[in-house]
Amino acid sequence: MSDKANKIGVLVMSYGTPESMDDVEAYYTHIRRGHPPTPEQLAELTERYEAIVGGVFPLRENTNSQVAGLQDKLESTAPGQYVCYQGLKHAKPYIEDGVEAMGKDGIKRAVAIVLAPHYSTMSIGSYMKRAKEKADELGIELAMVENYHLHPKLLKALTERVQDGLQRLSATSGGETAVRVLFSAHSLPEKIRELGDPYEKQLMETSAAVAEAAGVKDWQFTWQSAGRTREPWLGPDILETLETIREEGVKAVLVAPVGFVSDHLEVLYDLDIEAKAEATKLDMTLERIAMLNKDPLYMETLAESVAAAMPV
Ligand code: FEC
């Protein structure tokens, strides 16, 4: 039995990203629940990864450093009590691998948390289902952090970023005053509404709280990164929103993707390349808030949420 056996395991879950360009097809196939992408779909995704930072996968490094940061934070607040394991939704180490590693170390009690603040049955809910199934199989008691979208330290970190972003936007837009803040998150299929899913409500709550704390009056919420499937996804998409608000006279935009916590494809491509190009076409200035990555306030949000779900 390892020296970890008496500690509380912390399963830190994240979306996952390919390990190399050779891995993109397997990754995409996993996202598509075992259905390989068409050659065109694969080429399109490969191009997006190539466009961000020349085929690097920043989400892997960022997830690694968030897991290490959470371990450090837990160690400083409750020395020797918690040990973190990583489990990814669509890449190795998978969620089940993380739970299995806890089992091998003799862990009996654990907490699961996702590196995404808002609950949807299609996001956090599906991570939790897989973690719980494996934990039950191995006889591990598993507590869950289902969301932390209104944690005061998360709100503070986001508020600071909106304030910084507005200053940057003022400089790049030459002091433009027709400014709007667009809060955004990953779209999901519209059918989540029929299921009474809390995702939209939680996103609106985070956006409203941050806008208020940052003193922002002119803001709205918009979706981004909708999947390429035939079913309807929640909208309007940010590209459509940019066009609408330009018609309303808005000339400068700060995007605050509060549904995400790291620099990754959906931010570095969908916002920094695609949305920025659309803004330029519409003769608008667009800036984005810095992502949380390993922000100490975010690490504290995670550590406090873990400790509240399973105190020592
Ligand atoms: O940087 C990277 O390599 C990965 C970036 C990445 C993040 C991410 C987060 C979320 N997704 C969510 C939902 C869906 C649904 C589908 C879907 C599809 C993709 C594809 C890629 C992708 N997602 Fe993602 N997502 C990231 C990347 N996502 C690539 C496939 C190609 C495409 O459609 O663009 C549709 C498939 C399905 O039906 O399952 C739904 C949600 C999040 C935010 C919460 C979280 O992080 O878990 C929700 C990061």
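Positions are given from 1 along the sequence.
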Asp23 side chain reached by Phe57 side chain, heavy atoms, under 4.5 Å: no
Minimum side-chain heavy-atom gap Val145-Val111 below 4.5 Å: yes
Ala277: partners by side chain to side chain contact (heavy atoms under 4.5 Å, CB included), with sequence neighbours left out: none
Side-chain H-bond candidate by donor/acceptor type, Thr222 with Thr241, under 3.5 Å: yes
Distance-only donor-acceptor check, side chains His118 and Thr206, under 3.5 Å: yes
Glu190, CD: over 12 other non-hydrogen atoms inside 6.0 angstrom: yes
Within 6.0 angstrom of Lys89 NZ, more than 12 heavy atoms from elsewhere: yes
Check [Y] with [X], please: is the shortest side-chain N to carboxylate O separation under 4.0 Å?
X: Arg193; Y: Glu200; result: yes
X: Glu133; Y: Arg130; result: no
X: Arg246; Y: Glu243; result: no
X: Arg288; Y: Asp272; result: yes

Salt bridge (charged side-chain N to carboxylate O under 4.0 Å, His left out) evaluation trace for Asp164 with Arg168: CA-CA 6 Å; Asp164 287 352; Arg168 224 177 334 116; over 6 Å; no
